[in-house]
A.B. asks: 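The structure that follows is given in the form of structure tokens.
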Amino acid sequence: MNNGAFAASRPLLEIKHVSVDYRADNGTVHALTDVSLTLERGRILGLAGESGSGKSTLGYAITRLLKPPAEIVAGEVLYSPRVSRQMGTSPANATAPGAPVDILRLTQKQLRALRWKELAIVFQSAMNALNPVIDVGAQITDVLRTHQPGMSRQQQRDRAVELLRMVGISPDRLHSYPHELSGGMRQRAIIAIALALSPEVIIMDEPTTALDVVVQREILMQIIALRKELAFSVIFITHDLSLLLELADTVAIMYAGRVVELATRDELKSRPRHPYSYGMLNSFPTIYGERRHMTGIPGSPPDLRAIPAGCAFHPRCPMAFAACKSVLPLLRPAAGPTDVQQVACHLYDPRYSSAEPPTAAELAARYEAAYALSLGERGAP
């Protein structure tokens with residue numbers, strides 16, 4: 001097989017059985033447990049779940065940005081670089097140009113060559129991610145100066161202007177400081193920095209948090225347009241599942257550090273399989289269509305120092321039965337219209353449930369009853 005065919009035949013990023021713990025005096029927090037996902041070239045993979053589900057931890061694990069007390073205790077993150085863009089120092093586990101490299105085994109020197117050039121990240125808080133005492137243009141050219149030292153000052157400035165225009169910021173803002181920009185402009189500036197070296201993968205961690213819905217929409221449309229123009233791939237992290245239904249190609253639903261459902265956005269929208277996915281989808285209103293009664297997911301996410309036995313969601317699940325409390329469900333095909341959708345739920349495992357999987361109406365009725373019960377227990381009027 002030639003090198004070009006080798007690179008084209010592999011997924012861009014393969015996350016295999018990654019586990020992350022946070023060590024603490026009062027117990028170990030199991031933030032990620034045995035997470036496996038694949039990002040195809042030119043695609044958008046969405047990660048959704050409540051706060052504490054492990055989404056951001058996974059993003060920082062992929063980029064090796066986790067710091068103590070966090071520890072990656074297991075797994076691989078295999079990245080298949082473009083043949084024409086090999087890293088300066090070939091890793092020990094790369095046997096041919098374009099061969100996959102395990103990011104979790106790279107040296108600091110190799111990581112430095114990988115970050116920004118091949119793999120970039122858009123951090124959650126734009127104001128905190130930008131240096132408040134350095135203007136935006138200098139922060140963009142700093143990336144260029146570090147990774148492309150052969151560029152002249154004029155070339156760096158021209159590239160910075162090009163990047164600002166690309167994300168919808170006027171070039172006259174090149175010498176503006178972060179506090180002089182609106183929240184949406186700061187977020188666009190962070191995206192410009194991430195695009196500076198035309199990376200293959202961009203991880204976006206809640207890039208529209210704290211922005212109003214109009215600016216959110218503008219930034220999402222900008223991301224979609226840039227992805228089509230520049231052909232990069234995206235891991236998009238958010239707690240807002242409605243965003244992923246517009247943006248992502250594939251969505252992974254995370255709960256208590258595990259992936260509980262993996263599906264295309266159309267599959268997830270039309271037929272969510274896991275009760276948790278259904279609860280998330282019905283926790284936000286639609287702006288068109290028929291009016292419907294909304295119910296939240298009762299209860300709270302578990303303490304990751306003492307995750308419940310069996311399915312971690314069973315204390316909150318309206319469909320839970322005996323096996324859910326003792327046997328851990330693993331991802332398995334959901335028998336959907338494509339071979340993408342997988343679900344970690346005993347409702348779809350004939351070894352534990354002989355009944356037909358629940359319909360949307362049955363899930364809605366169960367959630368309605370569970371939600372009403374939770375209100376009664378809290379003494380709601």
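Heavy atoms only: backbone and side chains are in, while hydrogens, waters and symmetry mates are out.
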A.B. asks: Measure the shortest side-chain to side-chain distance between Leu65 and Phe123 over non-hydrogen atoms and say whether it is less than 4.5 angstrom.
C.D. replies: yes
A.B. asks: Can you tell me how far the CG atom of Asn128 sits from the CZ atom of Arg186, to the nearest 0.5 Å?
C.D. replies: 9.5 Å
A.B. asks: When Leu13 is tested against each of Ile235, Thr38, Leu78, Ile203 for side chain to side chain contact (heavy atoms under 4.5 Å, CB included), which residue passes?
C.D. replies: Ile235
A.B. asks: Would you call Lys269 and Asp266 a salt bridge, using N to O less than 4.0 angstrom?
C.D. replies: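 Result for this pair is no, no salt bridge flagged.
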A.B. asks: Taking atom types as modelled and ignoring hydrogens, do the side chains of Gln342 and Arg332 form a donor-acceptor contact shorter than 3.5 angstrom?
C.D. replies: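 No, no side-chain donor-acceptor pair sits under 3.5 Å.
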A.B. asks: Nearest 0.5 Å, what's the OG1-CD distance between Thr208 and Gln124?
C.D. replies: 10.0 Å
A.B. asks: One thing to verify: whether Arg157 and Glu162 come together as a salt bridge, which I'm taking to mean a side-chain N less than 4.0 angstrom from a carboxylate O.
C.D. replies: no
A.B. asks: Atom CD in Glu14, atom CG in Asp102: separation rounded to 0.5 Å?
C.D. replies: 10.5 Å
A.B. asks: Distance from Leu47 atom CG to Met204 atom CE, nearest 0.5 Å?
C.D. replies: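 It is 13.0 Å, given to the nearest 0.5 Å.
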A.B. asks: Side chain to side chain contact (heavy atoms under 4.5 Å, CB included) for Arg64 and Gln108? Distances and angles first, verdict last.
C.D. replies: CA-CA 10 Å; Arg64 293 270 300 276; Gln108 286 301 315; 3.8 Å; yes
A.B. asks: Test side chain to side chain contact (heavy atoms under 4.5 Å, CB included) on Val234 and Leu45 and set out the steps.
C.D. replies: CA-CA 6 Å; Val234 178; Leu45 169 65; over 6 Å; no
A.B. asks: To check you understand the geometry: which heavy-atom pair defines the closest contact between Ile307 and Ala256, and what is its length?
C.D. replies: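 Looking at all heavy atoms of both residues, the closest pair is CD1-O, 4.1 Å.
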A.B. asks: Using a distance-only test with no angle check, is there a side-chain donor-acceptor pair under 3.5 angstrom linking Ser170 and Asp172?
C.D. replies: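 Yes, a side-chain donor-acceptor pair sits under 3.5 Å.
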A.B. asks: Taking atom types as modelled, find out whether Thr264 and Glu267 have a side-chain donor-acceptor pair closer than 3.5 angstrom.
C.D. replies: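 Yes, Glu267 and Thr264 have a side-chain donor paired with an acceptor closer than 3.5 Å.
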A.B. asks: Do the side chains of Glu200 and Arg41 get close enough for a salt bridge, i.e. N-O under 4.0 angstrom?
C.D. replies: yes
A.B. asks: Check Gln341 against Ala263 and note the closest heavy-atom contact, atom names and distance.
C.D. replies: CG-CB, 3.7 Å
A.B. asks: Quick check: do Leu226 and Ile223 have side-chain heavy atoms less than 4.5 Å from each other?
C.D. replies: no
A.B. asks: If only atom types and distance count, is the side chain of Glu218 paired as donor or acceptor with the main-chain N or O of Val215 below 3.5 Å?
C.D. replies: no
A.B. asks: Give a yes or no answer on whether the side chain of Glu261 reaches the backbone of Arg273 with a donor-acceptor pair at less than 3.5 Å.
C.D. replies: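 Flag set: sc Glu261 to bb Arg273 pair under 3.5 Å.
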A.B. asks: Following the transitive rule for hydrophobic clusters with a side-chain heavy-atom cut-off under 4.5 Å over Ile, Leu, Val, Met, Phe, Trp and Tyr, establish whether Val73 and Val259 coincide in one cluster.
C.D. replies: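 Per the 4.5 Å side-chain linkage, Val73 and Val259 are not co-clustered.
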A.B. asks: Using side-chain heavy atoms (C-beta onward) and a distance below 4.5 Å, is Ile253 in contact with Leu268?
C.D. replies: yes
A.B. asks: Salt bridge or not between Glu76 and Arg105? Use side-chain N to carboxylate O under 4.0 Å.
C.D. replies: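 Judged by the 4.0 Å cut-off on N to carboxylate O distance, Glu76 and Arg105 do not form a salt bridge.
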A.B. asks: To the nearest 0.5 Å, what is the distance between CD1 on Ile103 and CD1 on Ile62?
C.D. replies: 7.5 Å
A.B. asks: May I ask you to test the Arg43-Thr250 pair for a side-chain heavy-atom distance under 4.5 Å?
C.D. replies: no
A.B. asks: Could you list all the ring pair (Phe, Tyr, Trp, His ring centres under 6.0 Å) pairs where at least one residue sits in residues 216-256, not counting sequence neighbours?
C.D. replies: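 Found Tyr255-Tyr276, Tyr255-Phe313.
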A.B. asks: Taking the side chain from Arg23 and the backbone from Thr28, do they hold a donor-acceptor pair closer than 3.5 Å?
C.D. replies: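 No; zero donor-acceptor contacts below 3.5 Å.
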A.B. asks: For residues Ala160 and Thr141, report the shortest heavy-atom separation together with the two atoms involved.
C.D. replies: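 Taking Ala160 first and Thr141 second, the nearest heavy atoms are CB-CG2, 4.1 Å.
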A.B. asks: Backbone N or O of Val29 within a donor-acceptor pair of the Arg305 side chain at under 3.5 Å?
C.D. replies: no
A.B. asks: Is Asp21 close to Leu32 at the side-chain level, that is, under 4.5 Å between some pair of heavy atoms?
C.D. replies: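 No, every pair of side-chain atoms sits at 4.5 Å or beyond.
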A.B. asks: Please identify which of these residues, His17, Lys16, Arg258, meets the side chain to side chain donor-acceptor pair (under 3.5 Å) condition with Asp34.
C.D. replies: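 Only one of His17, Lys16, Arg258 forms a side chain to side chain donor-acceptor pair (under 3.5 Å) with Asp34, namely His17.
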A.B. asks: State yes or no: do Tyr177 and Leu181 share one hydrophobic cluster built from I, L, V, M, F, W and Y residues joined by side-chain heavy-atom distances below 4.5 Å, directly or via other members?
C.D. replies: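 No, Tyr177 does not connect to Leu181 through the hydrophobic network.
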A.B. asks: Could you tell me whether the side chain of Thr146 reaches within less than 4.5 Å of the side chain of Arg112, counting heavy atoms only?
C.D. replies: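 SC-SC contact between Arg112 and Thr146 confirmed.
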A.B. asks: Any idea which heavy atoms bring Leu163 and Ala196 closest together, and the distance?
C.D. replies: CD1-CA, 3.5 Å
A.B. asks: Side chains of Gln156 and Gln148: any donor to acceptor distance under 3.5 Å?
C.D. replies: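 No, Gln156 and Gln148 have no side-chain donor paired with an acceptor closer than 3.5 Å.
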A.B. asks: Would you name the heavy atoms of Val201 and Tyr79 that are closest together and state the gap between them?
C.D. replies: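 That closest heavy-atom pairing would be CG2-CE1, 4.2 Å.
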A.B. asks: Please answer whether the main-chain N or O of Ser326 pairs with a side-chain N or O of His314 as donor and acceptor at a distance below 3.5 Å.
C.D. replies: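 Between the backbone of Ser326 and the side chain of His314 there is no qualifying donor-acceptor contact (under 3.5 Å).
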A.B. asks: Evaluate Leu245 against Leu281 for side chain to side chain contact (heavy atoms under 4.5 Å, CB included), listing each step before the verdict.
C.D. replies: CA-CA 10 Å; Leu245 295 182; Leu281 278 169; 3.5 Å; yes
A.B. asks: Got Pro199 and Leu119 here, is their nearest side-chain heavy-atom distance under 4.5 Å?
C.D. replies: no
A.B. asks: Could you pull out the closest heavy-atom pair between Cys345 and His274, with the gap in Å?
C.D. replies: CB-CD2, 3.8 Å
A.B. asks: So Val343 and Val260, side chain to side chain contact (heavy atoms under 4.5 Å, CB included) or not? Walk me through it.
C.D. replies: CA-CA 6 Å; Val343 61; Val260 296; over 6 Å; no
A.B. asks: Thinking salt bridges, do Asp249 and Arg265 make one under a 4.0 Å N-O criterion?
C.D. replies: no
A.B. asks: Got Ile219 and Ile191 here, is their nearest side-chain heavy-atom distance under 4.5 Å?
C.D. replies: yes
A.B. asks: Return yes if a side-chain donor-acceptor contact under 3.5 Å exists between Gln154 and Asp158, otherwise no.
C.D. replies: yes
A.B. asks: Calculate, to the nearest 0.5 Å, the distance between atoms CG and CD1 belonging to Asn282 and Ile297 respectively.
C.D. replies: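 These two atoms lie 9.5 Å from each other.
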A.B. asks: Considering only NZ, NE, NH1 and NH2 on the basic side and carboxylate oxygens on the acidic side, decide whether Glu50 and Lys55 come within less than 4.0 Å.
C.D. replies: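 Lys55 and Glu50: not salt-bridged.
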